Amino acid sequence: MTETQATVESVLSMLRAQPHDEEQLEQLAREAHLLPAGELLYLLESRPETEAAVLFRVLDKDTALSVFESLPSHHQAELISALRTPQVAEIIGDLDPDDRAALLDELPASVAERLMHGLDADERAMTTTVLGYPRHAIGRYMSPEVLTLHPSLTVREALAHVRTHAEEPETIYLLPVVDRTRTLLGVVGLRRLLLADEDALVGDIAHDAVRATATDDREDAARRFFSAKLLAMPIVDSENRLVGIVTVDDAVDIIEQENTEDSARTSGSEPLPRAYLSTPIVGIVRSRIVWLLVLAISAILTVQVLEVFEDRLDQVVILALFIPLLTGTGGNTGNQAATTVTRALAVGEVRVRDLPRVVWQELRVGATLGAVLGTLGFVVSGLVYGWPIGTVMGLTLLSICTMAAIVGGLMPLVAKRVGADPAVFSNPFISTFCDATGLIIYFTIATAVLGL
């Protein structure tokens, strides 16, 4: 066991020993001071609310602020609700406006209002600005604290301005250039500013900016951010006036949240509201039960299909042996197509208008996969159970793979078109649909080939 692991175990044992007297809290503070920020973050996320609050209370202010900023907003809200100490009020005031807005969203209205009143006028105004945008708009993730330059400034004057105000904004690596009405004219990077001739005008060295409107969807804006390989991106209103800036850490947080949601929904559940180990059993059950109920009900379709074709199974019992193979193949083929297209949608490789091209692409992919698997199924089944059964298997695999690939590729685009999350049309849903449809195809082909 390493020294860090031993310290973690010591901290855990002290957290479990409640209630805590002053001597124990002092010992806990000494042990916690030895841990790196990553270990403290893990402990705060994974321990129950009361233990996390005790640990947070013994941290020094700088460490507490650093760790607090790294916590998800719902964990921050839990700590505030559990503590409500002057230390928390100071930390709230030190947060960036966008982080503060995310935290206030998670708090009860009365607590949020009290914290807002504790801010100075400038911080309150910036926080209110961010809170004014919809929850999934990129404006919710911007910082209104932006260091701007006027195009008529010389490089010498601009550098002096940056040195004077460098501590105020969230970032100075990208400096928006605006006119007197805050209309965005362009941007200039700090590196370019440092290397430019001191007598040159800022307007002459500025270049066009990749920007987003404050009401744009957060995921679309974040994908555009990374596609352009930016460190920061200016945010404007509908009249192209600068209202804030989004930095790379904000964009990373957005993509992580979206990927977490997509990953959970693709597997047929909802994302957990907090870290796995600290989530109550009821919370985990709630995140999974809805989709399981939906899938259980939809699976009745498969049972009904089997009931319709029950007489065919009585005539050729061997057909029942292949049902798991066929339903599994159809579901997997559909899942592969849906996952591929969902990712292509997320990174901007595919648009809703590309639906015909996607269908044509998946038709060819599915037919090719079906031809390969169908040939194998025909040969193996034919040698073992006779060539009529082999023919049924070959044609069914060809048909099911083609159908499943088209459906799997189509559903994410349909979801996007109607404004739903493509991940909601998750793999379990596609599997259930392909199961029922695949059985209909199977028994229809068997009826025709075997003359049932």
Side-chain angles (χ1 to χ4, degrees), residues 266-268 291-292 295-344 356-412 425-452:
T266 297
S267 62
W291 268 107
L292 288 177
L295 294 175
I297 294 172
S298 62
I300 295 175
L301 292 173
T302 305
V303 177
Q304 290 178 327
V305 170
L306 288 173
E307 185 177 351
V308 169
F309 291 99
E310 185 177 6
D311 57 332
R312 275 74 161 184
L313 286 174
D314 289 339
Q315 295 179 54
V316 185
V317 179
I318 197 66
L319 293 176
L321 298 178
F322 295 102
I323 290 176
L325 167 65
L326 297 174
T327 55
T329 300
N332 289 336
T333 304
N335 293 342
Q336 290 175 338
T339 301
T340 302
V341 174
T342 297
R343 181 195 175 279
R357 295 177 60 190
V358 171
V359 171
W360 174 237
Q361 181 95 327
E362 290 300 331
L363 171 64
R364 290 178 292 167
V365 171
T368 303
L369 291 171
V372 173
L373 295 176
T375 301
L376 181 63
F378 168 73
V379 172
V380 174
S381 302
L383 290 173
V384 178
Y385 299 104
W387 297 114
I389 296 294
T391 302
V392 171
M393 287 299 300
L395 292 175
T396 301
L397 285 168
L398 173 63
S399 303
I400 285 179
C401 286
T402 304
M403 176 273 300
I406 293 174
V407 170
L410 184 63
M411 281 190 173
F425 287 79
S426 57
N427 293 349
F429 179 85
I430 292 174
S431 297
T432 303
F433 177 86
C434 291
D435 285 352
T437 309
L439 288 176
I440 293 174
I441 293 173
Y442 178 40
F443 288 115
T444 301
I445 292 174
T447 300
V449 172
L450 302 178
L452 301 179

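All of these numbers come straight from a predicted model, not from anything done at the bench.
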Given Ile389, which of Ile318, Val384, Leu321 fulfils the side chain to side chain contact (heavy atoms under 4.5 Å, CB included) condition?
Ile318
Trp360 atom CH2, neighbour heavy-atom count above 12 within 6.0 Å
no
Of the non-hydrogen atoms in Gly366 and Ala405, which two are nearest, and what is the gap between them?
CA-CB, 3.7 Å
Applying salt bridge (Lys or Arg N to Asp or Glu O under 4.0 Å), name anything that partners Arg343, two or more places apart in sequence or on another chain.
Glu349
Qualifying ring-ring contact (aromatic ring centres under 6.0 Å, His included) pairs with a residue from residues 320-342, counting only residues at least two apart or across chains
Phe322-Tyr385
Compare all side-chain heavy atoms of Cys434 with those of Thr333 and state whether any distance is below 4.5 angstrom.
no
Determine, stepwise, if the pair Leu397 / Leu326 fulfils side-chain contact (heavy atoms from CB on, under 4.5 Å).
CA-CA 7 Å; Leu397 285 168; Leu326 297 174; 3.7 Å; yes
d(Leu363 CG, Thr368 OG1) to nearest 0.5 Å is 9.0 Å
In Å and rounded to the nearest 0.5 Å, what is the CD1 to CE distance from Ile441 to Met403?
4.0 Å
Taking the side chain from Ser381 and the backbone from Phe378, do they hold a donor-acceptor pair closer than 3.5 Å?
no
Would the number of heavy atoms belonging to other residues, nucleotides or ligands and lying under 6.0 Å from CZ of Arg357 be above 12?
no
Pairwise distance CG(Leu373) to CD1(Ile400) - rounded to 0.5 angstrom
10.5 Å
Can you find a pair of side-chain heavy atoms, one from Tyr442 and one from Val392, that are under 4.5 Å apart?
yes
With rounding to the nearest 0.5 angstrom, report the CD1 to OG1 distance, Ile445 to Thr396.
3.5 Å
How far does OG1 of Thr342 sit from CE of Met411, to the nearest 0.5 angstrom?
11.5 Å
